[in-house]
Amino acid sequence: MSFPVWVNGSELGCVDPADRGLAYGDGLFETIRVAQGRALLLEGHIGRLVADAAVLGINFDEAGLCDEYARFLGHCPDSCITKILVTRGCGGRGYLPDPCAPATIIFSSHPPLAHPVGHQVTGINAGICSLQLALQPMLAGIKHLNRLEQVLLRREMEELQVDEALVCDARGYVIEGVFSNVFMVSGGKLHTPAIETAGVRGVMRAAILRQAEQDGVPAEQGLYLPSDFLAADEIFFCNSVNGVWPVRMLVDRHFSPGPVSRRWQAFWQEKI
Ligand SMILES: Cc1ncc(COP(=O)(O)O)c(C=O)c1O
């Protein structure tokens with residue numbers, strides 16, 4: 001089975017060493033789960049890509065990208081993970097972008113992840129990272145290519161020997177997981193950290209918040225400390241590749257994946 005990679009519409013394309021995505025992380029990416037040949041939550045991914053590109057002033061042809069991605073999907077295995085990566089294109093040595101440089105668009109496909117079934121069934125073992133996210137309201141929410149913090153956090157997770165971990169910002173408030181967003185259930189309500197100073201505004205998080213609103217389920221976005229999560233009734237992590245992972249252990253506190261986590265797992269299963 002082959003997992004194609006296309007650069008600017010061609011399997012033979014390659015990335016220029018002068019690409020600003022490489023030099024400065026000057027670009028964006030989306031990681032999209034493909035099941036039965038369908039790209040899940042595609043509207044949300046394209047919507048975020050377009051919105052984030054507008055904030056950063058990266059120009060690309062949305063309709064052209066969507067058509068090309070649909071063509072690319074036709075060459076991918078029915079079950080895989082795809083990435084769309086858009087950079088500001090090539091530039092000279094300095095930071096100042098060339099406003100005429102065309103964006104670089106990379107599509108890649110990857111084997112589906114093989115996480116233990118237990119992650120879904122009995123829940124995951126989660127920790128709390130000591131490394132903190134910098135406060136940067138200008139970039140908060142955006143899925144840009146500067147992922148050095150996550151690289152270091154992912155290494156810390158290996159030391160903690162956990163399946164995911166809460167990550168706080170420099171003020172000590174929980175923002176998200178290392179590669180997911182996070183929700184807790186407390187006082188009969190859903191709570192998820194506000195993404196205003198740091199973190200990624202996840203497509204799966206947005207889908208859950210939207211559905212909760214439609215269902216009349218109270219959901220709040222706020223400032224929470226790790227101690228709030230340790231005192232919660234339920235916790236679950238979510239992203240658009242793994243769906244929903246309930247927590248069975250956070251540091252030394254046991255949880256049972258409860259009805260709310262199960263409800264959002266079912267929501268994800270419907271999408272698959
Ligand atoms: C740091 C971080 N936060 C949150 C998410 C969740 O985003 P999404 O739901 O769009 O997959 C991801 C996904 O990769 C991530 O890397």
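Heavy atoms only: backbone and side chains are in, while hydrogens, waters and symmetry mates are out. Counting starts at 1 for both ligands and their atoms, in listed order.
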Side-chain donor-acceptor contact under 3.5 Å, [X] with [Y]:
X    : Y    : answer
R205 : Q221 : yes
Y69  : T82  : yes
S79  : Q36  : no

Which of the atoms in ligand 1, numbered in the order shown and given with their element, are less than 4.0 Å from a heavy-atom of [X]?
X    : answer
N181 : 4 (C), 6 (C)
M204 : 9 (O)
V178 : 1 (C)

Report the nearest protein non-hydrogen atom to [atom]: residue, atom name, distance rounded to 0.1 Å.
atom                    : result
atom 3 (N) of ligand 1  : E176 OE1, 2.8 Å
atom 7 (O) of ligand 1  : G202 CA, 3.4 Å
atom 16 (O) of ligand 1 : F179 CA, 3.7 Å

Assert yes or no for the condition that the ring centre distance of F72 to W6 is strictly below 6.0 Å.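 Ring centres of W6 and F72 closer than 6.0 Å.
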
Determine whether L190 and P218 make a side-chain contact, defined as any pair of heavy atoms from C-beta on separated by less than 4.5 Å. no

N/O of [X] under 3.5 Å from N/O of ligand 1, yes or no?
X    : answer
K143 : yes
R147 : no
S240 : yes
V200 : no

Plane angle bin for H115 and H119 - parallel if under 30°, tilted between 30 and 60°, otherwise perpendicular: parallel

The salt bridge (Lys or Arg N to Asp or Glu O under 4.0 Å) partners of R263 (sequence neighbours excluded) come to D215

Say whether E30 and ligand 1 are in contact under the criterion: heavy-atom distance to a ligand atom below 4.0 Å. no

Using heavy atoms and a 4.0 Å limit, tell me yes or no: is R201 in contact with ligand 1? no

Is it true that the NZ or CZ of R253 lies under 6.0 Å from the centre of F255's six-membered ring and within 45 degrees of the ring axis? yes

